[in-house]
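For reference, the structure is listed below as structure tokens.
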Amino acid sequence: VLDAIKLKSYAKINLGLRLIRKRPDGYHDISTVFQQVDLADTLEFRKTEGEMALQTQGFEVPTDDNLIFRAFDLFKRKTGIRGGLNVQLYKTIPVGAGLGGGSSNAAAALIAANILWNKGLNRGKLAVMAACIGSDVPFFIYGGTALGEGRGEILTPVRWNADFWVVLACPAVPVSTAWAYQKVNLGLTKSEKLTNFSAILGNCVPQKFRDTFVNEFEGVVFEKHPDFKTIKDALYDAGAFYASMSGSGSSLYGLFSRRDEAERVLPFFSEKSGCRTFLTRPVLTEDSEGAG
């Protein structure tokens, strides 16, 4: 019987992000394409008799109200398991950067608990639990590439050959997701917004992303942080065929066709703009274990 397991917990970027409408429950309906990338935290989970405990290394994260706690607590309540979980988190994904690190960690906790307590829940059932924790947690149960609708929890897997390199530039300033949603202007009518992002990927010409994808958070975030816009422009100047902010920020990324082009620009962003930079690749999965 397994009593410990080690999992990778991958980051994501958003290829386009449109806000469709404000919902009666206070959330927003969105349309986005989630793309998992191979920048990852590592988590070690160990069954214990006691309470849940979390130790972290790397980027600082809150350890009192962490999504990992919420995920494990929910799993216990839904399945009736007993015991605790000791979690060692090696944090590589920057916090408050729009890369989904916390959500990915929560998904990894659900997957780990399911394995360690041998519950045999399929990913559909885990994703239903995941949606109670946060809007993009279900995506990390599946991983790969998916069209996200509703709050982001309604997922349609997208099969495509994402053959490019991702340069991530992460400013030291985090952006509050709640603030960004509060500030964003839902100006356009719904019909103008319903660009079918998945159709773009179906006829995939990545070089056309720039004409099609848009992240509607950029307006409000760039107004408050003009240097973010400068970084995005610099990614285009450096040869990216598409550049965008991920989620509600603060990370910006550029997609490059060739590794050597991407590697060449990394020092520029770390030295000139004071960003943490990462060179990463899309994670493509036929049948991914999400965080595993």
Side-chain angles (χ1 to χ4, degrees), residues 1-13 34-48 50-63 65-79 81 83-95 97 99-146 152-153 155 157 166 168 278 280-292:
V1 180
L2 266 183
D3 66 355
I5 189 170
K6 189 176 189 174
L7 295 176
K8 288 270 188 209
S9 170
Y10 293 107
K12 60 83 181 162
I13 55 173
F34 294 116
Q35 176 61 60
Q36 204 174 28
V37 293
D38 64 8
L39 174 66
D41 296 334
T42 303
L43 295 105
E44 292 177 11
F45 299 94
R46 186 174 297 281
K47 283 169 84 168
T48 66
E51 295 298 305
M52 180 169 169
L54 172 65
Q55 291 89 36
T56 66
Q57 290 180 29
F59 291 124
E60 273 190 41
V61 291
T63 50
D65 184 30
N66 191 285
L67 290 183
I68 298 170
F69 279 94
R70 280 193 236 171
F72 184 60
D73 186 55
L74 180 68
F75 191 88
K76 279 184 86 165
R77 282 188 283 119
K78 294 284 188 192
T79 60
I81 63 168
L85 194 62
N86 189 287
V87 185
Q88 184 74 48
L89 167 60
Y90 302 91
K91 192 79 187 152
T92 308
I93 303 167
V95 179
L99 299 172
S103 297
S104 182
N105 294 168
L110 292 177
I111 291 166
N114 190 42
I115 294 167
L116 291 173
W117 274 268
N118 199 23
K119 282 294 169 188
L121 299 181
N122 64 25
R123 284 183 302 177
K125 289 191 172 144
L126 289 176
V128 170
M129 270 190 224
C132 302
I133 303 162
S135 301
D136 57 359
V137 182
F139 167 70
F140 292 103
I141 298 290
Y142 293 100
T145 315
E153 87 286 13
L155 299 164
V166 184
L168 281 174
F278 303 90
T280 182
R281 290 275 281 165
V283 175
L284 297 181
T285 50
E286 278 302 311
D287 188 25
S288 164
E289 279 296 331

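Heavy-atom basis, side chains included; hydrogens, waters and symmetry copies ignored. Since the structure is predicted, the reported quantities are computational estimates derived from the model, not experimental observations.
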For the [atom1] atom of [X] and the [atom2] atom of [Y], what is their distance to the nearest 0.5 Å?
X: K91; Y: D41; atom1: NZ; atom2: CG; result: 3.5 Å
X: K12; Y: I93; atom1: NZ; atom2: CD1; result: 10.5 Å
X: L89; Y: N105; atom1: CG; atom2: CG; result: 5.0 Å
X: K6; Y: Q88; atom1: NZ; atom2: CD; result: 10.0 Å
X: I13; Y: L99; atom1: CD1; atom2: CG; result: 9.0 Å
X: Y142; Y: Q36; atom1: OH; atom2: CD; result: 13.5 Å

Non-hydrogen atoms of [X] and [Y] that approach each other most closely:
X: Y10; Y: A40; answer: CD2-CB, 3.6 Å
X: G152; Y: F34; answer: O-CE1, 3.5 Å
X: A127; Y: P138; answer: O-CG, 3.7 Å
X: A112; Y: F45; answer: CB-CD1, 3.3 Å
X: A130; Y: I141; answer: CB-CG1, 4.0 Å
X: Q35; Y: P282; answer: NE2-CB, 3.5 Å

List the steps, then state whether side-chain contact (heavy atoms from CB on, under 4.5 Å) holds for I5 with K47.
CA-CA 9 Å; I5 189 170; K47 283 169 84 168; over 6 Å; no
Side chain to side chain contact (heavy atoms under 4.5 Å, CB included) with [X]: which residues, sequence neighbours excluded?
X: A71; answer: A106, A109, L110, I133
X: A53; answer: Q55, N86
X: T280; answer: V37, D38, L39, V166, L168

Quick check: does any side chain N or O of K78 sit under 3.5 Å from a backbone N or O of M129, one acting as donor and the other as acceptor?
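Flag not set: sc K78 to bb M129 has no pair under 3.5 Å.
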Can a donor-acceptor pair be found, under 3.5 Å and without considering hydrogens, that links the side chain of T79 to the backbone of F75?
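At least one qualifying donor-acceptor pair exists.
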side-chain contact (heavy atoms from CB on, under 4.5 Å) evaluation trace for L7 with T42
CA-CA 6 Å; L7 295 176; T42 303; over 6 Å; no
Check for me whether the distance between the ring centres of W117 and F72 falls short of 6.0 Å.
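Yes, ring centres under 6.0 Å apart.
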Evaluate the side-chain contact (heavy atoms from CB on, under 4.5 Å) criterion for residues R77 and D73: first the C-alpha distance (whole Å), next the side-chain angles of each, then the deciding distance (0.1 Å), finally the verdict.
CA-CA 6 Å; R77 282 188 283 119; D73 186 55; 3.4 Å; yes
What I'd like to find out is whether the side chain of P94 reaches to under 4.5 Å of the side chain of F278, using heavy atoms alone.
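Yes. Closest side-chain heavy atoms under 4.5 Å.
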Other residues, nucleotides and ligands only: do more than 12 of their heavy atoms fall within 6.0 Å of NZ on K125?
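Atom NZ in K125 is not crowded, with 12 or fewer foreign heavy atoms closer than 6.0 Å.
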Indicate whether the side chain of S135 and that of E153 have a donor and an acceptor atom separated by less than 3.5 Å.
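Per modelled atom types, S135 and E153 side chains form no pair under 3.5 Å.
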Worked check of side-chain contact (heavy atoms from CB on, under 4.5 Å) between V87 and M52:
CA-CA 8 Å; V87 185; M52 180 169 169; 3.7 Å; yes
